[in-house]
Amino acid sequence: MTLKSALVIRHVHFEDLGTFATPLRRAGYEIEYRDVGTADFLDFAPDAPDLVVVLGGPIGVYEDRTYPFLQREVEVLAARLKTGRPTLGICLGAQLIARAGGARVFPSGIKEIGFEPISLSEAGRASSLRHLDGVPMLHWHGDTYDLPAGATLLASTSKTVQQAFSIGNTALGLQFHPEADAGAAFERWLVGHACELAAAKIDIAKLRADAAQHGATLATAADAMMAAWLEQLHAA
């Protein structure tokens with residue numbers, strides 16, 4: 001079988017593909033991480049990879065003066081969107097896709113950190129996100145975005161309207177983290193985001209307990225959702 005290429009842009013090392021890696025490999029994708037801080041991490045033709053995945057990170061899309069690489073990342077994603085090639089963004093990645101699609105990204109004024117189910121729109125219930133219905137998702141963000149032109153809203157929560165969107169059949173933005181490994185690896189999130197958790201006065205013991213309670217169900221749902229999304233891509 002000829003392997004397909006999945007180029008994955010990673011902003012912090014512990015926010016990786018998590019449980020999404022297994023369905024990607026099962027579908028025949030060879031995964032290549034491109035890490036921020038590597039000189040050539042955005043050095044690829046926008047139409048070359050079969051799939052581009054943009055992962056999360058604890059910075060804002062609008063902080064491009066402080067983190068100049070963000071402007072280049074938006075430019076690359078804008079070019080990628082024009083090709084119509086499959087593109088997936090998670091949290092910061094979703095916000096970068098929104099910005100690349102011409103939408104505004106801005107602080108929401110709240111920290112949404114913890115586990116809560118998403119509320120699917122009619123379009124969301126007809127999409128691969130149907131596998132996430134009723135399952136507590138990990139939320140970890142303080143920013144939100146306007147819906148890009150031509151995008152379809154797929155999911156919301158009680159605190160944030162924009163939780164997931166699609167652009168056509170090939171671009172998907174997820175504000176939440178279905179991919180998060182909420183098993184033992186979740187401790188990396190708690191340590192890596194210790195300052196943010198302290199500033200937001202998050203009960204870390206409860207967050208850890210919730211991860212242990214919901215982790216297995218989340219992993220199963222995330223696998224099914226990703227498998228369904230990839231199957232839809234290949235059927236198109």
Side-chain angles (χ1 to χ4, degrees), residues 10-24 53-60 88-95 98 107-121 124-125 127-145 153-166 172-229:
R10 181 166 53 184
H11 299 95
V12 288
H13 202 74
F14 61 86
E15 291 198 34
D16 54 22
L17 282 171
T19 59
F20 277 177
T22 295
L24 277 167
V53 182
V54 191
L55 297 173
I59 57 176
L88 170 65
I90 301 171
C91 200
L92 173 62
Q95 296 160 13
S108 66
I110 61 169
K111 283 287 185 181
E112 188 172 19
I113 300 176
F115 288 84
E116 180 185 346
I118 53 174
S119 176
L120 297 177
S121 67
R125 289 191 294 273
S127 75
S128 60
L129 270 65
R130 64 187 181 277
H131 295 286
L132 307 181
D133 193 21
V135 178
M137 295 290 114
L138 175 63
H139 303 272
W140 204 306
H141 63 93
D143 290 342
T144 189
Y145 51 86
L153 177 66
L154 300 179
S156 304
T157 61
S158 58
K159 294 180 180 177
T160 307
V161 173
Q162 306 293 356
Q163 284 286 357
F165 65 91
S166 59
L172 178 63
L174 305 174
Q175 174 83 317
F176 50 94
H177 288 277
E179 88 295 352
D181 183 343
F186 190 65
E187 203 67 24
R188 299 179 302 171
W189 287 66
L190 300 180
V191 173
H193 291 306
C195 293
E196 181 182 19
L197 291 170
K201 296 181 170 55
I202 299 298
D203 184 336
I204 294 176
K206 182 180 186 306
L207 188 56
R208 183 185 289 114
D210 287 346
Q213 178 182 353
H214 301 302
T217 302
L218 176 58
T220 299
D223 187 293
M225 176 247 134
M226 176 56 85
W229 187 64

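In this text, all values refer to a predicted model and were calculated from it rather than measured experimentally. Hydrogens, waters and symmetry mates are skipped; everything else that's a heavy atom, side chains included, is used.
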Indicate the atoms forming the closest heavy-atom contact of [X] with [Y], along with that distance.
X: Asp181; Y: Gly183; answer: OD1-N, 2.9 Å
X: Ile113; Y: His141; answer: CG1-N, 4.4 Å
X: Phe176; Y: Ala164; answer: CE2-CB, 4.0 Å
X: Ser108; Y: Thr144; answer: CB-CG2, 4.0 Å
X: Glu116; Y: Ser158; answer: OE2-OG, 3.1 Å
X: Asp223; Y: Pro23; answer: OD2-CD, 3.7 Å

Answer yes if the side chains of Gln175 and Gln95 hold a donor-acceptor pair under 3.5 Å, and no otherwise. yes
Side chains of Glu112 and Thr160, donor plus acceptor under 3.5 Å: yes
Between Asp143 and Lys111, does the salt bridge (Lys or Arg N to Asp or Glu O under 4.0 Å) criterion hold? Intermediate values first, please. CA-CA 8 Å; Asp143 290 342; Lys111 283 287 185 181; over 6 Å; no
For Glu179, is there any backbone N or O sitting under 3.5 Å from a side-chain donor or acceptor partner on Thr19? yes
Mark yes or no for whether Arg130, through its side chain, and Arg125, through its backbone, hold a donor-acceptor pair below 3.5 Å. no
Run the salt bridge (Lys or Arg N to Asp or Glu O under 4.0 Å) check on Arg208 and Glu187 step by step: do they pass? CA-CA 8 Å; Arg208 183 185 289 114; Glu187 203 67 24; 2.7 Å; yes
Students often mix this up, so state it plainly: with edges at 30° and 60°, are the rings of Tyr145 and Phe165 parallel, tilted or perpendicular? perpendicular
Is the ring centre of His193 less than 6.0 Å from the ring centre of Trp140? yes
Atom CG in Leu138, atom CZ in Phe186: separation rounded to 0.5 Å? 5.0 Å
